[in-house]
**Q** 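This is the structure, below, for whatever I ask next.
None of these values were measured; they are calculated from a predicted model.
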Amino acid sequence: MTATHHTTVELTKLARVLNRNPADLDFLATLPPAALRELRDQITDLTARREARRMQRVGAAAKLVPAPIAAKITEAAFGPVLAAALAGSVDPARAVAIASALSPSFLADATLTLDPRRAVELIAQVPGSMAAAVASELISRGDYLTMGNLAGSVPDSVLRAALPHAADLDILQVGYYLEETSAADRLLTIVTDRVPGVIRATHDADEWPKAITLLALLGPTERSKLANVVAAQDDEVIDGLLAAVEEVDAWDTLLPVAAGMSPQPLQRLAQRPVMQTSTLLTKIADLALTQNLWLSLLPLATHLSPAQLHTVAARVATEPDDSLTTLIEQAHTENHWPTLLPVALALSDADRKRLASLPVMHRPAYLTAAIEATATHNLWPEALPLLNDLPTTTHDTLATAINTLTDNNFREALEAAPTADCTTTLVQIVLSQDVSSRTRSLTLLNESDSLEPFVATITTQDPAIWQAIFDTREETQEPLRTLLTTQATQCGQTDSTST
């Protein structure tokens, strides 16, 4: 979507340079925006080079008469187009002096063809009052294209003087025609206190497509700030944005924005009615997986309901093993284990086992990072069920990883294990620890408030596991030792070494 709208903007700007109707350039609509901008710059540069010598002569002559007289000559004989062409050939201070004697209407006409790249020094010296007068004239005409061209080149002081003359919706229109990310970021920073009003005006005027285009132009930091402000608006405003994103198919713009949002606004976004439809969620997941937006999807996933997560996970599960491996590697590189785990758990039993069987999931660094993320964010209820799907060959690595857990982290894991139905697996991992670490783990278990429910859910009838438990009885204190003996009897197990 955003490429289409940026193309429309570029065609409009190119038409201005060529003095043609934008509709005459529809045959160029298939070109990327960057190519259209390069063509526009080339045409502007060629025209400037062709007129350079003549402009230098006229500029030299302008030095010979007083500024008020030069202004009269400029307005009566040259006209605004030639005046704009002369701007870069006259000393900036002299040009400002001449411009001060010109009417705001004439100056506004001159800015239509002014190339900001060739008038940087002049623009920097324009007084705020003059900039405000010209901006007011341009806005009254609805000439946002010219305002957008100039806004990227003028100093902050000039923007601060000019923007009070713009209504909230005018600011959006100016932003739509900006050329540079840096200019969009500056504009948003300067009008921070007016952003809620701009958003409301955008919604009331149904101009969301332009706002989405501006959103794509912003840098990550300002983009996320703006998205957080949007998410703080009334439900109807948020729903209006989401409806527009769907209508113009701009999820490729919104996903990267969502990735940088704060948790509370992101959660509110995830809970909106449009986000509950499986068709849309599948579409978003498909876009993330095919357009290299996987890491943008994961932060949103943590705020999805179980039903929403199952929909996303079902689409993820359609990826082949090599693609799943790449997705896990990307998540690991960016430390996205806290956001990856809920998606993994939402997979069907068969797909979760397939995920756990991938060699990438058995790498020590990955397993350690997953345990660390789980402990840091207390994700034991989400993560522990995945232990059951990992092969026993990973238990030594997992045992080493849980050695580094704090006592509190380990207690949290113990408390979550019965509900997660993985007490037997956790016991196997504990038994794989070295003697010192194992003694610590058994002591913490013995002191745990969830000791009895924990032991009660060790229902395995595998004699090898029970024998390993019996082998640690010298390390096991009461009441844990008695509870384990009783549980073993209920499971039909006895200590073979005692008979």
**Q** Could you list the donor-acceptor pairs under 3.5 angstrom formed between side-chain atoms of residues 197-206 and any protein atom two or more places apart in sequence or on another chain?
**A**
| unit_1 | atom_1 | unit_2 | atom_2 | d |
| --- | --- | --- | --- | --- |
| Arg200 | NE | Asp204 | OD1 | 3.2 |
| Arg200 | NH2 | Asp204 | OD1 | 3.1 |
| Arg200 | NH2 | Glu236 | OE2 | 3.4 |
| Thr202 | OG1 | Val198 | O | 2.7 |
| His203 | ND1 | Trp208 | NE1 | 3.3 |

**Q** Using atom types as modelled, flag every donor-acceptor pair under 3.5 Å from a side chain in residues 411-423 to any protein atom, sequence neighbours excluded.
**A**
| unit_1 | atom_1 | unit_2 | atom_2 | d |
| --- | --- | --- | --- | --- |
| Glu412 | OE2 | Asn408 | ND2 | 3.4 |
| Thr423 | OG1 | Thr457 | O | 2.9 |
| Thr423 | OG1 | Thr457 | OG1 | 3.1 |

**Q** With sequence neighbours excluded, what pairs up with Asp434 under the salt bridge (Lys or Arg N to Asp or Glu O under 4.0 Å) test?
**A**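 Result, salt bridge (Lys or Arg N to Asp or Glu O under 4.0 Å) vs Asp434: none returned.
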
**Q** The criterion is salt bridge (Lys or Arg N to Asp or Glu O under 4.0 Å); which residues satisfy it with Glu247, sequence neighbours excluded?
**A**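 Once residues adjacent in sequence are excluded, Glu247 has no partner under the salt bridge (Lys or Arg N to Asp or Glu O under 4.0 Å) criterion.
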
**Q** Taking NZ, NE, NH1 and NH2 as the nitrogens, is one of them in Glu475 or Arg481 under 4.0 Å from a carboxylate oxygen of the other?
**A**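 No.
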
**Q** Report the residues that fulfil salt bridge (Lys or Arg N to Asp or Glu O under 4.0 Å) with Glu474, sequence neighbours left out, ordered by chain and then residue number.
**A** none

**Q** Pairs in or reaching into residues 300-323: which pass salt bridge (Lys or Arg N to Asp or Glu O under 4.0 Å), with residues at least two apart or in two chains?
**A** Asp286-Arg315, Arg315-Glu319, Asp321-Arg354

**Q** Which pairs with one or both residues in residues 442-458 pass salt bridge (Lys or Arg N to Asp or Glu O under 4.0 Å), sequence neighbours excluded?
**A**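 Every pair satisfying salt bridge (Lys or Arg N to Asp or Glu O under 4.0 Å) with a residue in residues 442-458: there are none.
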
**Q** Do you know the tightest heavy-atom contact between Asn446 and Gln477?
**A** OD1-O, 3.5 Å

**Q** Tell me the salt bridge (Lys or Arg N to Asp or Glu O under 4.0 Å) pairs involving residues 287-310, sequence neighbours left out?
**A**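 Every candidate salt bridge (Lys or Arg N to Asp or Glu O under 4.0 Å) pair involving residues 287-310 fails, so no pair, neighbours aside, qualifies.
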
**Q** Just to verify, which of Thr302, Leu298, Leu386 counts as forming a side chain to side chain contact (heavy atoms under 4.5 Å, CB included) with Leu341?
**A**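 Exactly one option meets the side chain to side chain contact (heavy atoms under 4.5 Å, CB included) with Leu341, and it is Leu386.
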
**Q** Taking only residues two or more places apart in sequence or in another chain, which ones pass salt bridge (Lys or Arg N to Asp or Glu O under 4.0 Å) with Arg272?
**A** Asp235, Asp239

**Q** Any ring-ring contact (aromatic ring centres under 6.0 Å, His included) pairs touching residues 349-372, not counting sequence neighbours?
**A** His332-Tyr366

**Q** What pairs of residues pass the salt bridge (Lys or Arg N to Asp or Glu O under 4.0 Å) test when at least one of them lies in residues 484-494, not counting sequence neighbours?
**A**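 Output for this query is empty, none listed.
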
**Q** Less than 4.5 Å apart, any side-chain heavy atom of Gln330 and any of Asn292?
**A**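 Yes - at least one pair of side-chain heavy atoms lies under 4.5 Å apart.
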
**Q** With sequence neighbours left out, write down each residue that passes side-chain contact (heavy atoms from CB on, under 4.5 Å) with Thr459, or none if nothing qualifies.
**A**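 For Thr459 the side-chain contact (heavy atoms from CB on, under 4.5 Å) partners, ignoring immediate neighbours, are Gln487.
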
**Q** Please check if atom CD in Glu478 has more than 12 non-hydrogen atoms from other residues, nucleotides or ligands closer than 6.0 Å.
**A** yes

**Q** Quick one, Leu281 and Gln308 - any side-chain contact, counting heavy atoms below 4.5 Å?
**A**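 Answer yes - side chains close enough.
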
